[in-house]
> 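My structure is below; once you've seen it, I'll send some questions.
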Number of protein chains: 2
Amino acid sequence: MKSVGVVVEYNPLHNGHAYHLQEARRMSQADVVVAVMSGSFLQRGEPAIISKWERAEMALHSGADVIVELPYAYSTQKAQTFAEGAVRILNHLKVDCINFGSEIGEIESFIRLVNFMHTHKDAWDELVRNQLQAGVSYPRACMEAFNSLDHHESILSLSEPNNILGYHYTKAIIDSDFNIEAQTTKRTSANYHDPKVTDHPIASATSIRKKVMSEKGDLTGIKHVVPYVSMNILERYQHEYGTFHSWDLYFPLLQFEIERSSIEQLREIYECEEGLEYRLKDTISNASNFKEWMEALKTKRYTWTRLQRLLTHVLTNTTKQEMKAITSEPLPYIRLLGMNPKGKEYVNLIKKNLDCPLLSRFAKARGTMAAQDDRIGKIYAAPLAMKGNIAALKRDYTMSPIMIK
Amino acid sequence: MKSVGVVVEYNPLHNGHAYHLQEARRMSQADVVVAVMSGSFLQRGEPAIISKWERAEMALHSGADVIVELPYAYSTQKAQTFAEGAVRILNHLKVDCINFGSEIGEIESFIRLVNFMHTHKDAWDELVRNQLQAGVSYPRACMEAFNSLDHHESILSLSEPNNILGYHYTKAIIDSDFNIEAQTTKRTSANYHDPKVTDHPIASATSIRKKVMSEKGDLTGIKHVVPYVSMNILERYQHEYGTFHSWDLYFPLLQFEIERSSIEQLREIYECEEGLEYRLKDTISNASNFKEWMEALKTKRYTWTRLQRLLTHVLTNTTKQEMKAITSEPLPYIRLLGMNPKGKEYVNLIKKNLDCPLLSRFAKARGTMAAQDDRIGKIYAAPLAMKGNIAALKRDYTMSPIMIK
């Protein structure tokens with residue numbers, strides 16, 4: 001069986017995602033699509049709008065055959081670590097190729113970019129260091145460094161944020177010498193980056209979440225940009241749990257946590273660097289909502305997403321020590337979130353030769369990463385528990401992988 | 001000016017308390033009554049029903065002339081530490097005597113008990129140790145040890161919980177050789193320990209809180225057991241802040257905190273001993289309210305109040321290290337919560353010779369105890385902030401001592 005891997009967040013799954021799944025299958029001529037999906041908290045440092053179980057269900061209804069979880073230790077990370085974690089999982093699952101979306105839709109550009117960056121590594125490192133010392137944010141330093149490099153070949157620009165993830169997927173495959181073919185699907189529409197949902201059937205996940213939140217959970221305005229089943233699942237989640245998840249839902253807990261923590265405790269949190277612990281403490285008491293606080297916290301040195309990731313780690317009590325322990329050891333397990341009969345056939349085929357166990361039951365997980373994932377699941381559910389839904393705290397233990405026919 | 005000190009919680013201030021203030025003044029023939037009052041969290045490990053500012057106001061209207069705060073490092077402690085902290089503060093404030101309520105109403109009994117315990121210290125220590133090794137709670141060990149001592153004199157029983165605080169006040173005065181006279185006022189009515197509010201004008205604070213909470217904040221049923229001004233202040237607080245404070249209000253935060261903390265972090269919390277950190281973790285996910293959880297947590301080895309104090313320290317992130325640092329250094333300041341003109345006259349008289357500063361503005365406080373008190377105030381207010389009242393987080397900085405004419 002031929003397989004293609006995709007790296008996804010589905011926050012929530014929309015028409016653009018469904019198109020990508022279709023195209024990944026068509027281009028790779030794969031029998032099975034394996035998706036590695038971020039769990040509860042995402043790459044930009046945000047809680048997922050609904051839980052991973054419901055997002056996995058959406059994926060199975062839109063063309064994915066197997067869904068596994070990208071654990072917190074990789075899901076809430078800068079592009080490089082995120083991509084490396086995801087590609088490593090897809091390699092464990094023996095995919096033949098990995099397909100990602102891009103504006104250019106042409107894989108040779110990414111391969112050339114990886115090679116170019118490889119030959120210019122030393123110059124690049126020094127340029128980035130100089131930029132950082134000048135006090136700008138990491139992404140901006142990368143962009144400036146890239147523009148300063150001597151481009152005698154015409155290559156894809158690494159100063160375009162949309163190319164960065166694709167670059168890191170391709171680089172992770174090449175650097176690890178994985179037997180995986182990189183492929184890219186051209187994004188279908190400029191609307192993908194529109195800040196607002198328009199009449200067009202394609203809209204970005206960000207614009208969709210914004211629309212839902214600004215309309216207080218009313219889903220009418222996104223009906224034409226998400227598949228029918230996604231819509232049903234969103235409605236069901238809202239009915240069952242009474243809310244969607246956004247930073248606003250977690251802000252009171254985060255505020256409590258920062259008031260409660262000592263400077264020393266904040267300093268131990270992953271990504272809390274260069275005295276950010278003082279800045280957190282100094283600004284928190286005056287904030288009355290998340291956005292207002294972020295605006296007070298923001299400096300030239302840190303991007304919004306860099307700060308959001310830090311705040312996610314504060315909320316979840318993720319320390320430097322814990323992250324180091326998890327990311328420096330081999331992946332202890334992969335969690336299966338869902339599959340269909342075709343996916344099951346594939347899993348049965350590969351599972352004899354897996355060098356990393358594929359878990360259907362979380363209760364069997366052990367070790368530092370399991371302790372982290374257990375905590376993350378409970379903290380994601382904490383606002384639901386506070387509204388009286390104690391059972392939500394235990395979904396990691398009570399849920400079996402979603403199976404569809 | 002002659003002065004009498006009292007140690008109080010006023011949770012809330014009721015007719016019995018007003019009677020005690022009157023009697024303390026009459027018996028001591030003092031010109032001024034100085035009350036040291038627990039701040040936000042109390043000796044039995046509970047949040048105060050309303051904030052210290054409003055409780056200080058109640059006290060000024062019921063016969064106290066000066067109110068200062070018993071800081072968290074002493075207020076949420078076993079009887080001995082609580083009493084020692086309070087007596088030390090009253091000594092700093094140069095009171096001539098200290099008056100406490102008791103069933104027996106006769107100070108000689110307490111003095112004899114202190115002397116008896118002093119001469120039987122070694123036997124007592126061994127008896128308590130043996131009892132503790134048998135796995136009973138500390139208060140029970142003390143009771144059994146006391147009953148095993150050779151009582152050839154007729155003395156007050158230390159196995160009566162109601163005598164324990166009085167014993168420790170008296171002992172703290174004698175042991176430190178303070179120039180303070182101990183006095184006790186006989187409690188006026190057996191109703192003081194009634195579990196329920198009756199028709200009688202005297203009821204215990206516990207029964208009053210229970211009544212208010214069981215009637216969802218309706219105050220009608222306690223009108224006859226609290227002074228008119230206390231009633232008005234309770235009504236005003238409820239109107240202004242929308243709630244009274246009880247463990248139920250803080251339970252969701254506590255649950256979140258225990259899910260979020262690592263075993264190692266819980267182990268660092270003050271009073272977390274003998275593997276209690278595992279017990280906290282093991283029982284928390286199943287609990288849907290505070291009482292239910294306490295019942296799951298309770299063992300023969302720990303009293304309800306001992307566990308409640310631990311949970312208060314978990315909620316407030318109070319570590320062994322912090323408590324040791326604070327209680328091993330001289331008291332850095334005393335916070336003034338309120339006074340009337342008579343109280344002000346007294347404060348002006350003593351303030352030239354104080355060896356510990358009496359602060360009217362918390363912003364001037366520095367050091368480990370100040371950092372703790374700052375945090376405690378914010379955590380006490382956290383549920384109010386979560387309902388949108390961000391200003392409540394800053395009352396320690398925005399409030400001046402309550403002054404009445």
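Proteins come first, then strands; the chains are lettered A, B, ... in the order of their sequence lines, and each starts at number 1. Small disclaimer: the values here were computed from a predicted structure and weren't measured.
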> For A:K320, I'd like to know if atom NZ has over 12 heavy atoms of other residues, nucleotides or ligands within 6.0 Å.
yes

> Hey, is CZ on B:R361 packed in by over 12 heavy atoms from elsewhere, all under 6.0 Å?
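Count not over threshold, so no.
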
> Is the number of heavy atoms from other residues, nucleotides or ligands under 6.0 Å of B:K298 NZ greater than 12?
yes

> Could you have a look at B:T319, B:N317, B:N286, B:I390 and say which one has the most heavy-atom pairs with chain A under 4.5 angstrom?
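So the answer, after comparing B:T319, B:N317, B:N286, B:I390, is B:N317.
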
> Tell me, for A:E322 versus chain B, whether the close heavy atoms (under 4.5 Å) come from the side chain, the backbone, both or neither.
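Nothing of A:E322, per the 4.5 Å heavy-atom cut-off to chain B.
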
> I'd like to know if the side chain of A:R260 reaches the main chain of B:I379, judged simply by a donor and an acceptor atom lying under 3.5 Å from each other, with no hydrogens or angles considered.
no

> Please give me the minimum heavy-atom distance between B:P252 and A:M386, naming the atom from each residue.
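Nearest pair, atom of B:P252 first, then A:M386: O-CE, 3.3 Å.
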
> Quick check for you: to the nearest 0.5 Å, what is the distance between B:K378 atom NZ and A:Q255 atom CD?
10.0 Å

> What part of B:E257 gets closer than 4.5 Å to chain A, counting heavy atoms only: side chain, backbone, both or neither?
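Side chain only.
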
> How far does CD of B:Q321 sit from CD of A:E264, to the nearest 0.5 angstrom?
8.0 Å

> Rounded to the nearest 0.5 Å, what separates atom OG in B:S262 from atom CD in A:Q372?
12.0 Å

> Is B:L253 in contact with chain A via its backbone, its side chain, both, or neither, using a 4.5 Å heavy-atom distance?
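The answer is both parts of B:L253.
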
> Name the region of B:A391, side chain, backbone, both or neither, that has any atom closer than 4.5 Å to a heavy atom of chain A.
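Answer is neither: B:A391 stays 4.5 Å or more from chain A.
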
> Drop me the distance from A:L393's CG to B:S288's OG, to the nearest 0.5 angstrom.
10.5 Å

> Counting only non-hydrogen atoms closer than 4.5 Å, does B:L315 touch chain A with its backbone (N, CA, C, O), its side chain (CB onward), both, or neither?
both

